[in-house]
2 protein chains.
Amino acid sequence: MSEKDDFDLRNFLPFLLNQAAEESSLAFQQIYKDRYGMLRTDWRVLFHLGIYGQMTAKEIGERARIHKTKISRAVQRLSDRRFLTRTRDETDRRSEHLMLTPAGEAAYRDLRAVAESYDSRLAAHFTTGEAALLRMMLRRLAGMER
Amino acid sequence: MSEKDDFDLRNFLPFLLNQAAEESSLAFQQIYKDRYGMLRTDWRVLFHLGIYGQMTAKEIGERARIHKTKISRAVQRLSDRRFLTRTRDETDRRSEHLMLTPAGEAAYRDLRAVAESYDSRLAAHFTTGEAALLRMMLRRLAGMER
DNA sequence: GGGTAATAGTTGATTTTGTAACTAACAAGC
DNA sequence: GCTTGTTAGTTACAAAATCAACTATTACCC
């Protein structure tokens, strides 16, 4: 298994980003899965509603770049568990407004606290300046600014 | 959809890392998928063998943190397409040594060139120093150093 | 050496995702 | 107002990921 070719996979950004993303999501994933039986899309939808209040499925999908079928299923699951309510828009009856129930709010607040402390723990690997630069670079790679 | 809560999802590292990873893998994924019909695990296995030469499934799994069932199926697909050969270790007949065929080598060299230019394009978002720092930080988050 | 545990890798059942086709509602042009 | 095209969201089916159980082989150890 000695080196045979000098391409460095460990520095290839798509690979490296995936490894870092996977590793750094693991412990958080464990929590929303164990504590609420949620999937990745579920907590993302929950957080969007917790942060921005009432939104439609479409708005969440655009903001988080999640496909509409994934959103549809996450909304279904969250609705089944009484974490959100769906109310049709009366002026455009195709879309519906999603809003957290008190139970949804509680789950959101709980997970938000976990997320905050978890994020700090990750950021503690770096100086404050480095962490800020890292976030900036990631936002740029994610196409979230420019 | 006005702000209701000041938690910033766009700065939450697990989310941000995932968005960046997904976005920055898209175009590369398109290429190995369209050109060779490969899945994510397939090109990873291919690259490991291209870079390090002969390896066992277990070694690849450890190095890339991929579950053995995923590796097993990727090896099966690559073997079906005659991109690699499998030879049993005669001193420990449980494991087998994987090695690229000439066709596998050719695919690897082709994709490696794509990967290199693709990586440069991504890194061009930053100064040389920033890019080096980014890779270092990602390796640290991925648990690939310390 | 015989029994028990560990290891490399595979297979099968279940869950989740991805893709395309669908329904229902609205919009635009004429 | 009727046809054609869009849009929001759902559903059906195929592809892929996950998890547990399995086979075959080697290691341990009494």
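So that the names make sense, note that chain A is the first sequence line, chain B the second, and so on, each numbered from 1. Quick note: numbers below take in every heavy atom, side chains included, and nothing from hydrogens, waters or symmetry partners.
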Starting at [atom1] of [X] and ending at [atom2] of [N], how long is that distance when rounded to a whole Å?
X       : N      : atom1 : atom2 : answer
B:Met38 : D:dA16 : CE    : C1'   : 17 Å
A:Leu78 : D:dT10 : CG    : P     : 12 Å
A:Met55 : D:dA8  : CE    : P     : 13 Å

So, do B:Met137 and A:Met137 sit near enough that their side-chain heavy atoms are less than 4.5 Å apart? yes
Note, B:Asp119 side chain near A:Pro14 side chain (heavy atom, < 4.5 Å): yes
Would B:Arg63 and A:Arg10 satisfy side chain to side chain contact (heavy atoms under 4.5 Å, CB included), going step by step from the backbone distance to the final call? CA-CA 10 Å; B:Arg63 208 171 254 266; A:Arg10 290 176 134 67; 3.6 Å; yes
Please give the stem ranges for DNA chain D, sorted by first residue number, where a stem is three or more consecutive Watson-Crick or G-U pairs and both donor-acceptor distances are under 3.5 Å. C:1-30 with D:1-30
Which pairs, protein N/O on one side and nucleotides 9-19 of chain C N/O on the other, fall under 3.5 Å?
from, atom 1, to, atom 2, distance (Å)
C:dG9, OP1, B:Glu96, N, 3.2
C:dG9, OP2, B:Lys58, N, 2.7
C:dG9, N7, B:Lys68, NZ, 3.2
C:dG9, O6, B:Lys68, NZ, 2.9
C:dT10, OP1, B:Arg86, NH2, 2.5
C:dT10, OP2, B:Ser72, OG, 2.5
C:dT10, O5', B:Ser72, OG, 3.4
C:dG12, N7, B:Arg73, NH2, 3.0
C:dG12, O6, B:Arg73, NH1, 3.2
C:dG12, O6, B:Arg73, NH2, 2.8
C:dG18, OP2, A:Lys70, NZ, 3.4
C:dG18, O6, A:Arg73, NH1, 3.0
C:dG18, O6, A:Arg73, NH2, 2.8

Would you be so kind as to tabulate the donor-acceptor pairs closer than 3.5 Å made by side chains of residues 67-75 of chain A, with sequence neighbours excluded?
from, atom 1, to, atom 2, distance (Å)
A:His67, ND1, A:Thr69, N, 3.2
A:His67, ND1, A:Thr69, OG1, 3.2

Is there a donor-acceptor contact under 3.5 Å linking the side chains of A:Glu22 and A:Asn18? no
Look at the aromatic rings of A:Phe47 and B:Phe12 and report parallel, tilted or perpendicular, splitting at 30° and 60°. parallel
Rounded to the nearest 0.5 Å, what's the gap from CZ on B:Phe15 to CH2 on A:Trp43? Could you check? 6.5 Å
Intermediate values then yes/no, salt bridge (charged side-chain N to carboxylate O under 4.0 Å, His left out), A:Arg65 and A:Glu62: CA-CA 5 Å; A:Arg65 294 215 187 92; A:Glu62 278 166 358; over 6 Å; no
